[in-house]
Student: 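Quick one: structure below, then a few questions.
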Amino acid sequence: MQFESFSAFLDMGGYGFYVWLSYGVSLALLITLLVGSKISNRNTREQIARQIKREQKLKLAAKQQAQQEVTNES
Amino acid sequence: MWKWLHPYANPEVSYHFTDKIKPWFGWATFLLLSIGFVWALLFAPADYQQGESFRIFYIHVPSAILSAGIYAGMATAALCSLVWQFKLADASVSALAPIGAIFTAIALVTGAAWGKPMWGTWWVWDARLTSELILLFLYLGVIALNNAFDDKQMAGKAAGILALVGVINLPIIKYSVEWWNTLHQGATVSKLGAPAMAAEMYWPFLFCFLGFIGLVGYVTCIRFQTEVISRNKMRPWVRALVCDNNQPEEAK
Amino acid sequence: MAEQSPLIQAKNLTCIREDRILFEHLSFAISPGDIVQVEGPNGAGKTSLLRLLAGLSMPFEGNIFYQEQSIHEQAEHYYQDLLYLGHMPGVKAELTAQENLAFNLAMVGADPELAEDTLANVNLLGFEDATASHLSAGQHRRIALARLWQSQAKVWILDEPFTAIDKQGVASLEQLFVQHAQAGGCVILTTHQDLSLPADLVKKITLSYRFY
Amino acid sequence: MAEQSPLIQAKNLTCIREDRILFEHLSFAISPGDIVQVEGPNGAGKTSLLRLLAGLSMPFEGNIFYQEQSIHEQAEHYYQDLLYLGHMPGVKAELTAQENLAFNLAMVGADPELAEDTLANVNLLGFEDATASHLSAGQHRRIALARLWQSQAKVWILDEPFTAIDKQGVASLEQLFVQHAQAGGCVILTTHQDLSLPADLVKKITLSYRFY
Amino acid sequence: MSATALSYRKTFSLILKRDLTIAFRHKDEMLNPLLFFIIVVTLFPLGIGPETNTLAKIAPGIIWVSSLLATLLSLDRLFKADHNDGSLEQMLISPQPLFIFTLAKICAHWLLTGLPLILVAPLLAVLLHLPEQSYQALFLTLLFGTPVLSFIGAIGAALTVGIKKGGVLLSLIVLPLYIPVLIFATSAIDTASMSLPYGGQLAIIAALFFGTLTLAPFAVGAALKVSTN
Amino acid sequence: MSATALSYRKTFSLILKRDLTIAFRHKDEMLNPLLFFIIVVTLFPLGIGPETNTLAKIAPGIIWVSSLLATLLSLDRLFKADHNDGSLEQMLISPQPLFIFTLAKICAHWLLTGLPLILVAPLLAVLLHLPEQSYQALFLTLLFGTPVLSFIGAIGAALTVGIKKGGVLLSLIVLPLYIPVLIFATSAIDTASMSLPYGGQLAIIAALFFGTLTLAPFAVGAALKVSTN
Ligand code: HEM
Ligand SMILES: Nc1ncnc2c1ncn2[C@@H]1O[C@H](COP(=O)(O)OP(=O)(O)OP(=O)(O)O)[C@@H](O)[C@H]1O
Ligand SMILES: Nc1ncnc2c1ncn2[C@@H]1O[C@H](COP(=O)(O)OP(=O)(O)OP(=O)(O)O)[C@@H](O)[C@H]1O
Ligand SMILES: [Mg+2]
Ligand SMILES: [Mg+2]
């Protein structure tokens, strides 16, 4: 352990601002990257699922329409 | 010779393969980075010249190295996509670009935050700094181009061409910037030499570096999967996959 | 027709745009002498099909053959025999009618001197030196269509060639198509107007609009 | 018709473009309830006439009156009652179908919320969120035409509204024109296709092509 | 029967919103103009050399010339897209007065080229080692000066909208008109760097701003009417 | 029956001639690019101040950055016009190989933007008080450097041709790739001003020229195919 106290740890021998700025920004960027990637993965899945559902609905509607036409003709 | 690669050119196979290796990357990253950061911040000795500010080193250098490494990977993928028409390769171009950009940004920010106390200025037009900045521009260009297309397939190919042009340019840029700076001798800054590093500094660096590599691997897996499924929306296997995965989530 | 080998053959074409299947497993053959009208409501995929046939985009699945060779494998040969006019037919607004046509003719190896006479065919006599941007919508399109009169290409793919063309123009185009077909070429076109050609001359490919 | 005061009156119009007289001393009156088809071959001056009527260009000679006032002297009043769609109908390729329509509706003071339902009228259901550049030629044009269903304007001036529209679309547009005319509006349009409306509903203005 | 008259404000915001939506179809495109300025400004040290003193001396000129050129680069598209797809025609025959339309177009243009410049100005200032006492002057001159660029540029864009090639012609018309802004703005920043008061120059720029704000929309309207015939 | 195959040279000259005709539809427009460069370069002394020494020092940088930006200004139109009116499609399905077409387009672009710059360079050099011993270096770097700008720029233009909004994106892609040319060219001129040999830099620019000459047309072709789908 290189530091006597917590405040010394925070101070970083006078370079606290720069060290914590570096670590803070880096962590923030990395977490953004990680979370952003996960979110976009989930969004893509959800979007595909939504589309599948929509298609099924449209397919059903098309089928019903076709049936109606058949009954109308007969 | 390429026979063994053949099954992995199939999107479905490579998707599942990625699924398998992803958790390994995840755990490795978690372990390595938590050890590395604690070591770097708490236990590694301060530099005799730079004092505690040296702790920036443990992020700065790994991300600087990775920023170049990821570009190399991206360009390789682009080459595969262009020459062998690998559909998956341009998915990895799209997946890698943002990761590389983030690491380049980290190298720049940490470098600037290190430069202020060490050199007394946030920024100088030094060769290394400048070429890192240009690398960021190249990454952002690739990302912007990738996002500008609505069609993912086209986007990946176009971004790949740009990445490839960029990689031909990258050595030229690096060389030119280095040369430019030595010619216009100006406010040159004495750089930290490369002394044989002490072991107690080297180990935490290694942990951080490997941790970052693990992180790159993990995020690449996630992004690659996203790209693959969004390119294969119409294929039955993606549809089955999405339906399986979503049902339990909705049940919760 | 069975004795002739087909000029163009589509096998098992599937086209997907914007995640919508426009058509699936479409197969057909077009022989010399055919005039094929691709029919369907707006958004059915007529233009998409024509662009596939012209090799301008890649099918999601399936293959297209010209004289029994895949069009992507021997693109140069195919393109020598192809004339494609899309919705925007490549008329430069800054050039005059004659310059436009002369360029197009020269690009396919025809004599650019013919441009002036050819323009007379499309009723553009007197407009040779008017820049295309100063012409009416129909005249603008006629510049592009004028190429047909000098074309040596076997395969004509025309996307709504009659847009903005008056009735007389449509009639003379239809005549030209018949001539071209009789000379052993084929014409693939889309139009929302009915062709006034005898029904036995025209084959139809009908695309229906699919919701999903 | 004599008892009604005309909506639009053209007096003695002369139009000259590129040193060619397109028409001379043209006078006509359009009353509420009229559907007027401007006819003529390509380059006859149909578009030029329509642009004059919309106040987009100035006649070489003559005047145009709306409700007995010159359209240039009370432009704001006229433009409140006017809907003009030219060859290029102002659809932004970068916006979605719905955004395009909502903007157009909002600009004339209609409720932009109606956009979604209105798109259904032109068979664009399901394409609300597709950017216009990703639609087919006909669908692109339908976005512009959708405004007609919500229009409160009395005077509709439409330059080749049927371009790229399929038969069903043409039929429903024609119906809409009749409704609009019956409600006291007027429609001035050009088209090279024959209208399938009964001949007594449609008045015609025929421009002939002049060589000099 | 006639359509409800729209308030000027509503019309303005409708058009503004449309233009911004087109520019920012994808969210991340908002970053592009910012990035563009950083890249352009980076070119100068690379071309000129890294000496801090030289850079600091020419920094105001560089930032201002960059913004002139960036404005120019984007002017061509200001009305041309609307002209080509017929939207401009629709605006000309809308019952709302034309100056609302032009004002909205110009505002959108400023938001897309002027504002990003103001936002990245601090970063550019650091990159070019601008003395700290000039920061405020840089900010203020950009704040009042960039709208003037958009206003004046719009007149040129409107005059050339009907011309097929355009491009260079536009620059020829517009650049000479930009010179006053350039001179006063850079001189204000230079004065500030010597810790002298620069209120005079700023006042002139502000006057230009208000002058063009009131006059340009009408001039643009007239120019549009002429050049679309 | 099939059309006579055209020689590559004929195709090339046809396309080149067409592009030049379009640009020179009106004779007087030939002068515009020249005027444009002169005006742009005039902006710098106005923005930076008239001291001879400063100007002479930054002159190479300014001339080169201006030519970078001027190239950029014209790149947007390089393929977009052809894309919008369908000519590009026609080229894609012509039996002639695509690289002839792209090469001709790029050459026309250089003749319209690069060449004028070389022609006015002496004038600009005088305006900016460039030392006389640098004139030759300026000329030579422009001669070999401006084609490189056109070649690289064309790749960017081809990649963005299908994108509706475009604009800044093209600059973002292209400008970073221009940096080596900028650096070597300005450093050659600087070296020359100290009466030192600048053959090294020039050789590198020439290498870039030949490299892009051979590679760019193919890259552009591939990019066009991708982005028109
Ligand atoms: C914005 C400013 C900076 C940037 C963009 C930057 C960029 C880089 C790059 C690109 C590398 C190369 C990594 C490799 O070997 O591949 C690097 C390494 C390094 N940088 Fe920085 N740097 C910056 C500021 C600083 C400062 C201020 C210091 C210390 C005072 C510093 C210390 C180092 C060290 C020690 C290395 C490792 C050298 C080695 O052994 O390879 N950097 N930096
Ligand atoms: N922008 C223009 N500038 C100059 N002259 C023009 C312009 N547009 C059209 N003209 C001239 O006016 C004539 C009539 O054009 P107009 O567009 O009115 O014809 P039209 O009847 O609408 O033809 P079409 O059926 O082809 O649309 C053209 O032949 C042309 O000579
Ligand atoms: N550039 C594009 N990008 C993405 N999707 C497109 C694009 N063009 C068309 N589409 C999609 O393909 C469908 C079919 O378009 P296509 O142009 O083939 O129709 P079409 O049959 O030619 O119709 P029209 O009669 O209106 O010309 C459209 O509904 C649209 O959803
Ligand atoms: Mg179509
Ligand atoms: Mg017309």
Side-chain angles (χ1 to χ4, degrees), chain E residues 22-26 29 31-37 39-40 42-49 51 54-55 57-66 68-70 72-74 76-77 81 84 112-113 116 163-172 174-176 178-179 182-183 185-187 190, chain F residues 22-26 29 31-36 39-40 42-49 51 54-55 57-66 68-70 72-74 76-77 81 84 112-113 116 163-172 174-176 178-180 182-183 185-187 190:
Chain E
I22 289 174
F24 298 144
R25 185 73 281 180
H26 302 286
E29 271 164 30
L31 282 179
N32 289 357
L34 299 177
L35 200 60
F36 171 72
F37 280 111
I39 297 182
V40 169
T42 312
L43 293 180
F44 287 94
L46 291 173
I48 286 162
E51 297 107 87
T54 320
L55 284 181
K57 200 155 146 202
I58 63 174
I62 287 178
I63 294 180
W64 263 97
V65 172
S66 306
L68 251 63
L69 293 176
L72 213 60
L73 228 58
S74 55
D76 198 27
R77 276 183 296 279
N84 289 345
L112 294 170
T113 62
I163 299 170
K164 269 275 150 351
K165 323 108 230 164
V168 192
L169 180 62
L170 175 62
S171 324
L172 290 185
V174 165
L175 276 181
Y178 279 175
I179 288 176
L182 176 66
I183 290 178
T186 49
S187 118
D190 278 343
Chain F
I22 290 173
F24 297 146
R25 189 74 280 182
H26 300 286
E29 265 166 33
L31 279 179
N32 287 354
L34 298 178
L35 285 175
F36 173 73
I39 295 182
V40 168
T42 325
L43 290 179
F44 285 93
L46 291 173
I48 283 160
E51 298 108 86
T54 320
L55 283 182
K57 200 157 148 199
I58 63 176
I62 285 177
I63 294 179
W64 263 97
V65 172
S66 305
L68 252 62
L69 293 175
L72 213 60
L73 191 75
S74 53
D76 199 25
R77 276 185 296 279
N84 288 345
L112 294 169
T113 64
I163 297 167
K164 269 279 153 346
K165 326 116 228 157
V168 211
L169 181 61
L170 176 59
S171 323
L172 293 188
V174 165
L175 279 181
Y178 278 175
I179 286 174
L182 175 68
I183 288 176
T186 51
S187 117
D190 275 344

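Chain A is the first sequence line, chain B the second, and so forth, proteins listed ahead of strands; every chain is numbered from 1. Hydrogens, waters and symmetry mates play no part in the numbers below; they use all other heavy atoms, side chains included.
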Student: Let's test your reading of the structure: which of F/Thr54, F/Asn84, F/Val65 forms the most heavy-atom pairs below 4.5 Å with chain E?
Tutor: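 Ranked by contacts with chain E, first place is F/Val65.
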Student: Measure distances from F/Ile179 to the heavy atoms of chain E and classify the residue's part below 4.5 Å as side chain, backbone, both or neither.
Tutor: side chain
Student: Hey, could you give me the CG/CZ distance between F/Leu169 and E/Phe36, rounded to the nearest 0.5 Å?
Tutor: 12.0 Å
Student: Nearest 0.5 Å, please: how far is CG in E/Asn32 from CG in F/Leu170?
Tutor: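 The CG atom of E/Asn32 is 11.5 Å from CG of F/Leu170, to the nearest 0.5 Å.
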Student: Walk me through it: do F/Ile48 and E/Thr186 pass the test side-chain contact (heavy atoms from CB on, under 4.5 Å)?
Tutor: CA-CA 7 Å; F/Ile48 283 160; E/Thr186 49; over 6 Å; no
Student: Could you go through the side-chain contact (heavy atoms from CB on, under 4.5 Å) check for E/Lys57 and F/Lys57 one step at a time?
Tutor: CA-CA 12 Å; E/Lys57 200 155 146 202; F/Lys57 200 157 148 199; over 6 Å; no
Student: State the CG-CD1 distance between F/Leu175 and E/Ile39, to the nearest 0.5 angstrom.
Tutor: 6.0 Å
Student: If you round to the nearest 0.5 Å, how far is CG of F/Leu69 from CG of E/Leu43?
Tutor: 6.5 Å
Student: Which of the residues F/Ile62, F/Leu68, F/Ile63, F/Leu46 is involved in the greatest number of heavy-atom pairs with chain E at under 4.5 angstrom?
Tutor: F/Leu46
